[in-house]
Participant: 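I have a structure I would like to understand better, so I am pasting it below and will then ask my questions one at a time.
One-based numbering, in listed order, for ligands and for the atoms of each. Computed from a predicted model, the values in this text were never measured in an experiment. Along the sequence shown, the residues carry numbers beginning at 1.
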Amino acid sequence: MHNELKITDMQTLESNKNTTKESTDENSLNLPDFTTDSYKDAYSRINAIVIEGEQEAHDNYISIATLIPNELEELTKLAKMELKHKRGFTACGRNLGVEADMVFAKKFFSKLHGNFQIALEKGNLTTCLLIQAILIEAFAISAYHVYIRVADPFAKKITQGVVKDEYLHLNYGQEWLKENLSTCKEELMEANKVNLPLIKKMLDEVAEDASVLAMDREELMEEFMIAYQDTLLEIGLDNREIARMAMAAIV
Ligand code: PL3
Ligand code: FE2
Ligand code: FE2
């Protein structure tokens, strides 16, 4: 119950923030030219990353269900949303006449994908949830928020729908980790230490292409840290623990 309220509050906050930002952008006509070769070239990689990310997210929720069989129905629901997201972003690329560079995207996710697979094999549910439901979802949320402000009208509408779902996914992981914090804290910290630096690396890797789409690197980092820290606070970690975890990104 408390949880549902929280989602609503967050969305209200976020959408308020977006409205302000968006109207500023539109007023100043600050949107990029979506038809240039340089825009399309950058979009072919960014779009592929998002498509691959949504597909892997689907696969990861299905995999997580093998570790929590009594959550199969809920996790299948989350997984299905990811395929819908994938279809949405595929349409965004098609709409701009861009072919997604899927080879690039597979490589982009490979390290994180590998770590998820190892955790899955070992039955390390906490690590799987941290990677997919916290780190990847917070990354997606930050990217989509920034993208919505500078997207073409077609993609903007689709991304607005998607980002709402991503909060449900983040929330799913958050609630499980909150309920099990006493037994999963150590694994959570360790998994974070290994995987947060990968997210930071991925953000650095995508920054140049993102800037061609008028997405600012600092803004991406800021949005990521907001989603990440909020979630850790909800899980029940204190400020010192959160600071320690966040520090893993800079060392
Ligand atoms: C989980 O539901 C989805 C995971 C996707 C990961 C997305 C990473 C985003 C990288 C930066 C992309 C900017 C957004 C552009 C959208 C076409
Ligand atoms: Fe998604
Ligand atoms: Fe998601």
Side-chain angles (χ1 to χ4, degrees), residues 7 32 34 39-62 64 74-96 98-102 104-110 112-113 116 128-129 131-174 195 198-217 219-221 223-224 227 231:
I7 300 172
F34 310 112
Y39 189 92
K40 289 185 179 183
D41 174 58
Y43 204 85
S44 71
R45 287 178 294 279
I46 300 255
N47 187 229
I49 287 171
V50 172
I51 291 169
E52 176 66 20
E54 297 292 358
Q55 178 66 53
E56 292 198 18
H58 164 272
D59 301 347
N60 290 349
Y61 286 116
I62 297 293
I64 289 169
E74 182 66 18
L75 285 160
T76 307
K77 227 164 64 190
L78 301 189
K80 280 201 179 125
M81 291 183 201
E82 303 297 18
L83 286 189
K84 201 177 94 198
H85 300 168
K86 181 187 171 187
R87 280 196 295 275
F89 288 123
T90 303
C92 294
R94 200 184 309 123
N95 179 54
L96 293 177
V98 170
E99 194 188 333
D101 184 347
M102 297 311 295
F104 173 85
K106 272 217 157 45
K107 221 168 105 209
F108 180 82
F109 277 104
S110 61
L112 202 57
H113 178 80
F116 183 92
C128 289
L129 285 173
I131 291 177
Q132 175 56 48
I134 309 298
L135 295 179
I136 296 182
E137 297 294 355
F139 186 38
I141 284 169
S142 61
Y144 297 164
H145 272 311
V146 176
Y147 180 58
I148 282 167
R149 297 165 196 156
V150 292
D152 66 86
F154 180 84
K156 179 169 168 170
K157 221 169 158 181
I158 285 178
T159 311
Q160 279 168 333
V162 169
V163 80
K164 288 201 182 88
D165 289 346
E166 307 302 12
Y167 275 112
L168 300 176
H169 302 171
L170 187 70
N171 213 255
Y172 180 86
Q174 177 187 297
N195 292 292
L198 295 183
I199 295 286
K200 169 70 170 31
K201 231 187 256 160
M202 290 159 79
L203 208 141
D204 288 337
E205 236 177 276
V206 84
E208 202 177 313
D209 282 330
S211 77
V212 177
L213 272 51
M215 296 171 66
D216 180 56
R217 184 174 178 277
E219 230 176 297
L220 281 165
M221 289 224 302
E223 291 286 354
F224 176 82
T231 305

Participant: Kindly write out the residues that satisfy salt bridge (Lys or Arg N to Asp or Glu O under 4.0 Å) with Asp216, not counting sequence neighbours, or none if the list is empty.
Facilitator: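 Salt bridge (Lys or Arg N to Asp or Glu O under 4.0 Å) list for Asp216, sorted by chain: empty.
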
Participant: Does some side-chain heavy atom of Glu56 sit less than 4.5 Å from a side-chain heavy atom of Phe116?
Facilitator: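 No - every pair of side-chain heavy atoms lies 4.5 Å or more apart.
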
Participant: If we only count heavy atoms from C-beta on, is the Leu96 to Tyr39 side-chain gap below 4.5 Å?
Facilitator: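 The answer is yes, as the side chains (C-beta and beyond) meet within the 4.5 Å cut-off.
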
Participant: Among Glu82, Lys86, Lys84, find the one that has a side-chain contact (heavy atoms from CB on, under 4.5 Å) with His58.
Facilitator: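 Among Glu82, Lys86, Lys84, the one meeting side-chain contact (heavy atoms from CB on, under 4.5 Å) with His58 is Glu82.
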
Participant: Pick one: which of Glu52, Met202, Lys201, Arg45 meets side-chain contact (heavy atoms from CB on, under 4.5 Å) with Phe108?
Facilitator: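 Exactly one option meets the side-chain contact (heavy atoms from CB on, under 4.5 Å) with Phe108, and it is Met202.
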
Participant: What are the distances between nitrogen or oxygen atoms of ligand 1 and protein nitrogen or oxygen atoms, counting only those under 3.5 Å?
Facilitator:
residue  : atom  : partner : partner atom : Å
ligand 1 : 2 (O) : Glu54   : OE1          : 3.1
ligand 1 : 2 (O) : Glu82   : OE1          : 2.9
ligand 1 : 2 (O) : Glu82   : OE2          : 3.0
ligand 1 : 2 (O) : Glu137  : OE1          : 3.2
ligand 1 : 2 (O) : Glu166  : OE1          : 2.9
ligand 1 : 2 (O) : Glu166  : OE2          : 2.9

Participant: Given a threshold of 2.8 Å, state how many protein N/O/S atoms are nearer than that to the Fe ion (ligand 3).
Facilitator: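 There are 5 of them.
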
Participant: Hydrogens and angles aside, do His169 and Glu137 bring a side-chain donor and acceptor to less than 3.5 Å of each other?
Facilitator: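 Glu137 and His169 do have a side-chain donor-acceptor pair below 3.5 Å.
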
Participant: Residues in salt bridge (Lys or Arg N to Asp or Glu O under 4.0 Å) with Lys107, at least two apart?
Facilitator: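 None.
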
Participant: If we check side chain to side chain donor-acceptor pair (under 3.5 Å) with His85, which of these qualifies: Glu54, Lys80, Gln55?
Facilitator: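 For His85, the side chain to side chain donor-acceptor pair (under 3.5 Å) test succeeds with only one of Glu54, Lys80, Gln55, which is Glu54.
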
Participant: Taking the side chain as C-beta and beyond, is there a heavy-atom pair between Leu75 and Tyr172 under 4.5 Å?
Facilitator: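 Result yes, sub-4.5 Å side-chain heavy-atom pair found.
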
